[in-house]
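Structure first, commentary second.
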Amino acid sequence: QVQLVESGGGVVQTGGSLRLSCVSSGRTFSEDAMGWFRQAPGKEREFVASISWSGGITYYADSVKGRFTISRDNAKKVYLQMNSLKPEDTAVYYCAAGRANTKNALRYTYWGQGTQVTVSS
């Protein structure tokens with residue numbers, strides 16, 4: 001069974017930092033792009049960042065550019081370093097894997113269960 005498991009969420013004050021991790025089990029994702037998405041209460045799921053299978057190409061949402069960094073260190077782990085957090089970053093963050101490095105959530109095949117990030121003002 002293929003699983004993606006996120007961790008690292010929590011409560012942080014405005015301006016603080018968190019590092020989210022995503023670990024896969026059941027298969028490796030060495031040839032897959034990995035993405036992070038988030039969903040705030042009452043809002044649709046939105047793209048945050050993605051990284052190609054090689055790690056050489058990354059994309060970011062305009063709202064997080066310059067504050068968040070996506071990285072991967074092997075075929076099974078991907079990270080999202082989040083700095084200068086704002087209350088509007090509060091959401092459940094999801095890790096996803098798919099063949100295409102894209103901002104389109106529909107192109108991702110595997111999804112984690114999510115980890116809650118809360119930024120207090």
Are Val78 and Phe29 close enough, and set up right, to give a side-chain contact (heavy atoms from CB on, under 4.5 Å), and what steps lead you there?
CA-CA 10 Å; Val78 64; Phe29 292 93; over 6 Å; no
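- Cluster partners of Val5 are absent, since no Ile, Leu, Val, Met, Phe, Trp or Tyr has side-chain heavy atoms less than 4.5 Å from it.
- Residues that satisfy the side-chain hydrogen bond (donor to acceptor under 3.5 Å, both in side chains) test with Tyr110, not counting sequence neighbours, are Arg27.
- Applying the salt bridge (Lys or Arg N to Asp or Glu O under 4.0 Å) test to Arg67 and every residue at least two apart in sequence or in another chain returns Asp89.
- By the side-chain hydrogen bond (donor to acceptor under 3.5 Å, both in side chains) test, Asn83 is found to be paired with Ser17, Gln81, residues two or more places apart in sequence or in another chain being considered.
- At least one donor-acceptor pair closer than 3.5 Å links the side chain of Thr14 to the backbone N or O of Ser120.
- Taking every heavy atom of both residues into account, Gln116 and Ala91 meet most closely at NE2-O, 3.4 Å.
- Scanning for side chain to side chain contact (heavy atoms under 4.5 Å, CB included) contacts around Ala33 gives Asn101, with sequence neighbours left out.
- Nearest heavy atom pair, residue Arg107 against residue Ala100, reads NH2-CB, 3.5 Å.
- When atom types are taken as modelled, the side chain of Glu6 and the backbone of Gly114 share a donor-acceptor pair closer than 3.5 angstrom.
- Every residue two or more places apart in sequence or in another chain was checked for a side-chain hydrogen bond (donor to acceptor under 3.5 Å, both in side chains) with Thr109, and none qualifies.
- Every residue meeting the side chain to side chain contact (heavy atoms under 4.5 Å, CB included) condition with Lys77, not counting sequence neighbours, appears here in chain and number order: Val23, Asp73, Asn74, Tyr79.
- When all heavy atoms of Arg72 and Trp53 are compared, the pair lying nearest together is NH1-CA, 3.2 Å.
- Using a 4.5 Å cut-off between side-chain heavy atoms of Ile, Leu, Val, Met, Phe, Trp and Tyr, Ile57 falls into a hydrophobic cluster with Phe37, Phe47, Tyr59, Val92, Tyr94, Tyr108, Trp111.
- A heavy-atom distance below 4.5 Å is found between the side chains of Arg38 and Val64.
- A search for side chain to side chain contact (heavy atoms under 4.5 Å, CB included) contacts involving Ser30 returns Thr28, Ala75, not counting sequence neighbours.
- For the atom pair Phe68 CZ and Leu20 CG, the distance stands at 8.0 Å (nearest 0.5 Å).
- The two residues Ser71 and Ile51 make their nearest non-hydrogen contact at CA-CD1, 3.8 Å.
- Rounded to the nearest 0.5 angstrom, Met82 CE and Arg19 CZ are separated by 11.5 Å.
- Looking at every heavy atom in both residues, Thr69 comes nearest to Tyr60 through CA-OH, 3.3 Å.
- For Val12, the side chain to side chain contact (heavy atoms under 4.5 Å, CB included) criterion is met by Leu18, Leu85, Val119, not counting sequence neighbours.
- To the nearest 0.5 angstrom, Ser50 atom OG is 13.0 Å from Trp36 atom CH2.
- Atom-to-atom distance recorded for Ser121:OG and Gln13:CD is 9.5 Å, nearest 0.5 angstrom.
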Verdict with supporting geometry, Leu4 and Met34, side-chain contact (heavy atoms from CB on, under 4.5 Å):
CA-CA 11 Å; Leu4 293 174; Met34 303 294 293; 4.2 Å; yes
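- Not counting sequence neighbours, Glu88 has no partner by the salt bridge (Lys or Arg N to Asp or Glu O under 4.0 Å) test.
- With sequence neighbours left out, the salt bridge (Lys or Arg N to Asp or Glu O under 4.0 Å) criterion links Asp62 to Lys65.
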